[in-house]
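One structure below.
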Amino acid sequence: MAATRISDKEIERLSFEMRELAYNLWWSWHPSAQQIFKELSPFFWEDSNHNPVEVINWISGNELRGRLQDEEYCEKVRSVCKSFREYIKKKDTWGAKNASALTRGPVAYFSAEFGLHESLRIYSGGLGILSGDHAKAASDLGLPFIGIGLFYRQGYFLQQLSADGWQQELYPSCDPAKLPLTLVRDKKGNPIVCSVEIGHTSVSFQAWVAHVGRIQVYLLDTNLSQNDERSRLLTAHVYGGDQSTRVGQEIVLGIGGVRLLRKLGISPSVFHMNEGHSAFLTLELLREQLHNGKPLRTAEEYVRQHCVFTTHTPVQAGHDRFDRGLMEGMFSKFLGSLDMNINQPMQHGRVHPDDWNETFTMTVLALRMSRNANGVSALHGKTSIEMWKGLYPGMPEEKIQIGHVTNGVHTTGWASPRASQFWTVHLGPRWVEKLMDANFWHKVIDSDKISDGELWSLRTSLRRELIEFARKSLREQHLRHGGDGLTIFDNLLSPDALTIGFARRFATYKRAPLFFRDFRWAIQVLTNKERPVQIIFAGKAHPRDDAGKMFIQEIANISKRVDLFGKVVFIENYDINVARYLISGADVWLNTPRRPMEASGTSGQKVVLHGGLNVSTMDGWWREAWDGKNGFKIGEDKSHGDEHAQDEADASALRSVMDNEVIPLFYDRGKDGIPHKWLKRVRHAIATLLPVYNTDRMVVEYTKKYYLPKK
Ligand SMILES: *Cc1c(COP(=O)(O)O)cnc(C)c1O
């Protein structure tokens, strides 16, 4: 074939489109788009934590034009840019057909964290991941939707372990110029600056916009020279600082978020508060109404009609509470602008409005000021009613407006490139549009479509990818601690062994060390030569959570024992990237929260597409998802009174399910070396879980139940 010369005009156009594409996080859920940037500079791609903006800005226009002269590369770029353009332009979306009532007033979704990509470190854990996945699904569905969050310049910390296994927190600054973010400007090109009153100060903020496919997420940032030092640092860290920093951040998010929307000329028809952090937005909406001369009752009713609230925390201690003095101080100027004293808004934040000694609770404010509220799994919905029924004296429980929408994950964003390719080959490229289609995924049961050999080959290669990633990460950690024995890391972990993944925030209720409660049992399972088992851990503890850090240290110490070396490992710096390796490579995803403290949990949903199986206590999403054949349960679907008894019972149930079900099934091999019965479970897990526990289903449910106006 004669090489066709690519026209200069096309090269100009493609290099322009690539730059544009780098600034739309659409690439974060399209592996072929990541590939075109990765190929430009594999080194820089890794070095920047997979950030196309850094890669494209690092490459000169000349070099890029040079690369585009290559017909093969150019064709890939052409095809990616074409898919991107088609995605953005698509008119007949689910939203266009089913949610046209929101076209004039979009959903404004407020969240203190957004986990969109590993290079944008503005999330700490599950709540952020959920917001990021919600935004991506809203884009895929074509829902009129705007996200509001904060831009944390130093983000959430990077985690390293010291030589004795103690968590160290690093806070390098992010340079927004190197991130897929654009400063929000007015028509004349001047940065848009708004302000909020915090205490006696007026604090200015600007906003960065992240384009996420068809939708935008605005991130507010107080780091402006006109602010004093303290105000500039307000948005430096995710959940950083003391109580007054916390109130300050929440004022920027809630009140500032509404002001930014107004400045942009956007009138949302629904304000969705994802967790109580943004609940001050209801006070700003109230202020607007009163300012327009509405009487208090009418104003409050207006606010309630426009707000919905999702709670995520089934424990009292997890809810933001602020004492009266702090609230009065922080709101002095804000309330001064109103014909209102502190008592009125304070009352909305107390379960017993007239009890002056009660602290102000964000969740209470959010519940009082929204038309609907929900928990994030069926059990959590019930737990939430139990927790907050005091707000509705005399009302029967079934009348309380707290429902539930079980969380999901943005499946295509979590798919490892290899898994994505696998489903494209076996089910065709349109699998990405069939995420809610149970009939479609039922095909996976059929071994004519996909043979056990093919499925096992996927599992085997994903496991190897994880193990090589773990070896590299541990080698780096070892070198940092001044070690040298490099070759020992080449044999760490076995690519053939049953691999358990455990990765999540190291909050103590998640009980990371539960597996080791009977240490002799654990040693015997982990050192078994015929049926080897290994565990890979990862997770960050909150900087102020010493008990969580002690759990990390305990795991780190176990991993250093001579008899367990290379069988138990802890990978540092759990983030979206580390998560993707773990959820794709693990055969078994271990989840041991102390029920009912895991409101939903989502990490176990990410393993499904990769052929992993869940082993979990009956909490959150798993107790609705488990059907006896699509994974394994630890213990029964019931709550315990006493924590110690619960831990004992769950540890014992975990040992029993490992000994009697998980390990025997995994090592029950045919003559071909393939665990056919295991794979039958895997197929069943995909068919039953994938079409349900995803954010397309979740966002559709939110739209129908809560976003659309009731007829
Ligand atoms: C999915 C995910 C979480 C949430 O996992 P849970 O199961 O809800 O604990 C937290 N952090 C990261 C990086 C994740 O990818």
Side-chain angles (χ1 to χ4, degrees), residues 28-29 49-50 111-134 136 155-159 238-239 274-275 310 312-315 318 375-377 379-380 406-411 413-416 466 500-512 514 536-542 545 548 551 571-586 588-610 612 614-617 619-623 625 631 689 693-695 698:
S28 70
W29 69 101
N49 216 359
H50 320 131
S111 182
E113 27 173 332
F114 279 90
L116 291 162
H117 185 255
E118 54 263 31
S119 64
L120 201 51
R121 298 186 295 105
I122 54 169
Y123 62 94
S124 81
L127 183 73
I129 302 290
L130 182 78
S131 310
D133 283 6
H134 194 123
K136 289 173 188 172
Y156 200 53
F157 68 92
L158 298 182
Q159 179 199 52
V238 184
Y239 309 134
N274 187 45
E275 190 52 300
T310 302
H312 291 264
T313 318
V315 277
V376 289
S377 69
L379 179 62
H380 179 234
T406 304
N407 285 344
V409 292
H410 185 254
T411 312
W414 284 105
S416 74
L466 165 59
I500 303 175
F502 183 104
R504 43 185 50 83
R505 287 181 304 112
F506 265 55
T508 47
Y509 79 85
K510 296 184 186 243
R511 300 187 294 187
L514 197 75
I536 306 183
F537 285 93
K540 295 176 180 176
H542 188 277
D545 179 12
F551 274 8
I571 300 181
E572 292 174 318
N573 200 39
Y574 184 46
D575 69 354
I576 292 176
N577 181 47
V578 174
R580 192 174 290 102
Y581 278 103
L582 268 149
I583 53 104
S584 53
V588 159
W589 195 252
L590 181 63
N591 183 43
T592 52
R594 198 180 278 134
R595 185 191 138 117
M597 290 166 88
E598 192 67 273
S600 166
T602 54
S603 57
Q605 301 171 349
K606 302 169 193 162
V607 310
V608 176
L609 179 80
H610 301 95
N614 280 275
V615 176
S616 170
T617 48
D619 200 5
W621 78 284
W622 187 241
R623 69 175 275 286
L689 303 174
Y693 298 96
N694 64 71
T695 40
M698 181 185 88

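When a ligand or atom number is given, it counts from 1 through the structure's own listing order.
- A donor and an acceptor atom, one from each side chain of N274 and S131, are located under 3.5 Å apart.
- No donor-acceptor contact under 3.5 angstrom links the side chains of E113 and Y156, judged on distance only.
- Under 3.5 Å, the side chains of T602 and W621 contain no donor-acceptor pair of N or O atoms.
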Could you go through ligand 1 and note, for every N or O atom, any protein N or O atom closer than 3.5 angstrom, writing the atom names and distance to 0.1 Å, or 'none'?
unit_1	atom_1	unit_2	atom_2	d
ligand 1	7 (O)	T602	N	3.4
ligand 1	7 (O)	S603	N	3.0
ligand 1	7 (O)	S603	OG	2.5
ligand 1	8 (O)	T602	N	3.1
ligand 1	9 (O)	K510	NZ	2.7
ligand 1	15 (O)	K606	NZ	2.6

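- Taking the six-membered ring wherever Trp is involved, the centroid distance between the rings of F537 and F502 falls below 6.0 Å.
- When atom types are taken as modelled, the side chain of R623 and the backbone of T617 share no donor-acceptor pair closer than 3.5 angstrom.
- With hydrogens and angles left out, the side-chain atoms of N49 and R121 include no donor and acceptor closer than 3.5 Å.
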